[in-house]
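The structure presented is a predicted model; accordingly, all values stated were derived computationally and were not measured.
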Amino acid sequence: MRASSSDPQPAPQFAGRLRAVTMGRLLTFLGVMVLLAATGGSLVDPAGWSLLVWAGAGYLVCNLVVLVLPARRNVQRVALDASLLVDAVAVGVTLAVTGGPASPLAFLLYAEVVALTLVFGWWTGVRACILLSLSLAWVASTGPPALAEVAELLGDTDLALSHALEPEIRTVLLMLGMWLVAGLVATLSTVTERELRGLIDDLALLRDINHDMDSSQDLAQVSDQIAETLVETFEYERAVVWLPEGDELVAVGGAGLDEAALAELGTRRVASQAYPLRNALRDGAPWPVPRDDPRPGALERMLGKGAPLVLVPMGDEERLVGMITAVVPRRLGRPPRLRHRDVRLLAMLRGEAALVLDNARLHAELRARAVTDALTGLPNHGFFQQRLEEELHRADRRRSRGEHADLSLVLLDLDHFKQINDTYGHPTGDKVLQAVSRTAGKVLRSADVLCRYGGEEFGIILPDTGGRDAKRACERIREALGRLELTADDGRPLDPVTASFGIATLGERPADRAPLVARADEALYAAKRGGRDRIVLARDDSELTGTRG
């Protein structure tokens, strides 16, 4: 048992416990003295007064000495052993002069045993029981004084049983009671300590898990980490993390799944109010789902048909952060079931996981705001430069492997945009910018990157695209813009929207960002000088070719 007197407790901790017990003894001593004084000495056999005074003085001095001893381990251990002996003698003398085994102060035996067993553990409690049993045997052998005065002081208390029992029997009963109390206290202390240490270990485990989870990653990565924790650390067979989307939950992260289930992450959905998910949400705690209980088809598809599940809601019905679903494992060949520790760990994990997911969502929102243009919803200039650098590095890597790497950059500038603002007002100009961003986004491929470069200018990154295909993409945008029918805020129709395009391609040139942007910018100004509403492709540093619709 970890709390026994033989445990390697640090010296300051051991000394602190001994001082606490010593203070308790001194307070008890003070209480007994007050009791004896209040009864006018009627509880004490007159022949035993001198013995009680000497024992009390010695007891007081010994305990005061313990309080001032240095906190060295060996000194404190000797002090504990000496205090056990002194306390046994003092209790024995007190009982001997106040009624023997039938003394109303016999509770001192139990108080000493309980305190020592709780504070120092089972072995110290055993030593205390041995010494107190010897002391009690000495008290029984001296012969108890008459209890007439005691009975009179206690009033209606019936002492018939105490008088009827032989002193030897009373002594044996006291000893048995003392040992029983020591065993009971030691057992309860062991159970409590085991539970406490288990809780501390679980908290340490969750602290390590929380440290390993990186809330700066995106929600899918964090969801994968949570699912992997269930499988790798908590030993569940399979796990899926679901995140809310409207009234549904979408499978986002998973671990322990087969290839088919992994491929379905991001597509599988389940209604948050479907049985038994609504029960878990309403209860706000881990919810077991036995094999025979019905469950939505999406859960069966992801986790296996008829698998014993546990549902762990993160949040509640008012604010749902997500839902963890996991297959309960078999342990040592036993049927799968949730243990008390499993429920406790899952309950603690749900709070940690919800916090990490919330932080990941906040990080994602902050990242989106940092790289998103508020008016058009497109990535901003900073994102454009960063993404262009990434695509150029990608082209470099492909070239280093001997592969061909195409990349085109387009700068698009709306024609006569200042005139729109001056004539119709800036709200109308904002409406035009939003319409252009939507229209161009619909025309481009999903792999293409459309950004607001600044003002009425847009930048487009076209990966794996040569000059000819880049011109075709720009022509599609130009034609789509020409079909727009926009009106000003006051209802007046606007002239058709036109734009000038400048294209630069990587070709066989070094993958450098600044020269590529400069060539696209030069091509754009060539389109402006050439009459606007046209597309100009920079073929090399000295040649520009353009087309006009």
Please check this pair: side chain of R519 against backbone of T505, looking for a donor-acceptor N/O pair closer than 3.5 Å. yes
Below 30° counts as parallel, above 60° as perpendicular, anything between as tilted: where do the rings of F384 and H381 land? tilted
Evaluate the side-chain proximity of T428 to D490: yes if any heavy-atom separation is below 4.5 Å, no if none is. no
Could you tell me whether a side-chain N or O of R350 sits under 3.5 Å from a main-chain N or O of G284, the two making a donor and an acceptor? yes
Heavy-atom donor-acceptor pair, T325 side chain to L311 backbone, under 3.5 Å: no
Sidechain-backbone polar pair: S223 side chain, V241 backbone, donor-acceptor under 3.5 Å: no
Hey, could you give me the CZ/CG distance between R438 and L484, rounded to the nearest 0.5 Å? 8.5 Å
Any chance CD of E235 has more than 12 other-residue heavy atoms, nucleotides or ligands included, within less than 6.0 Å? no
Would you please test I226 and L357 for side chain to side chain contact (heavy atoms under 4.5 Å, CB included) and show each step? CA-CA 9 Å; I226 294 171; L357 282 171; 3.8 Å; yes
Spell out, as yes or no, whether a donor-acceptor pair under 3.5 Å connects the side chain of E457 to the backbone of L411. no
Side-chain heavy atoms of S408 within contact of P463, under 4.5 Å: no
How about R301: does its CZ atom have over 12 heavy atoms from other parts shown lying under 6.0 Å from it? no
Could you point out which residue of D373, D430, D413 forms a salt bridge (charged side-chain N to carboxylate O under 4.0 Å, His left out) with R452? D373
Pair L481, R478 - check side chain to side chain contact (heavy atoms under 4.5 Å, CB included), show working. CA-CA 5 Å; L481 293 181; R478 194 188 69 79; 5.8 Å; no
Close side-chain approach of I420 to L414, heavy-atom, < 4.5 Å: no
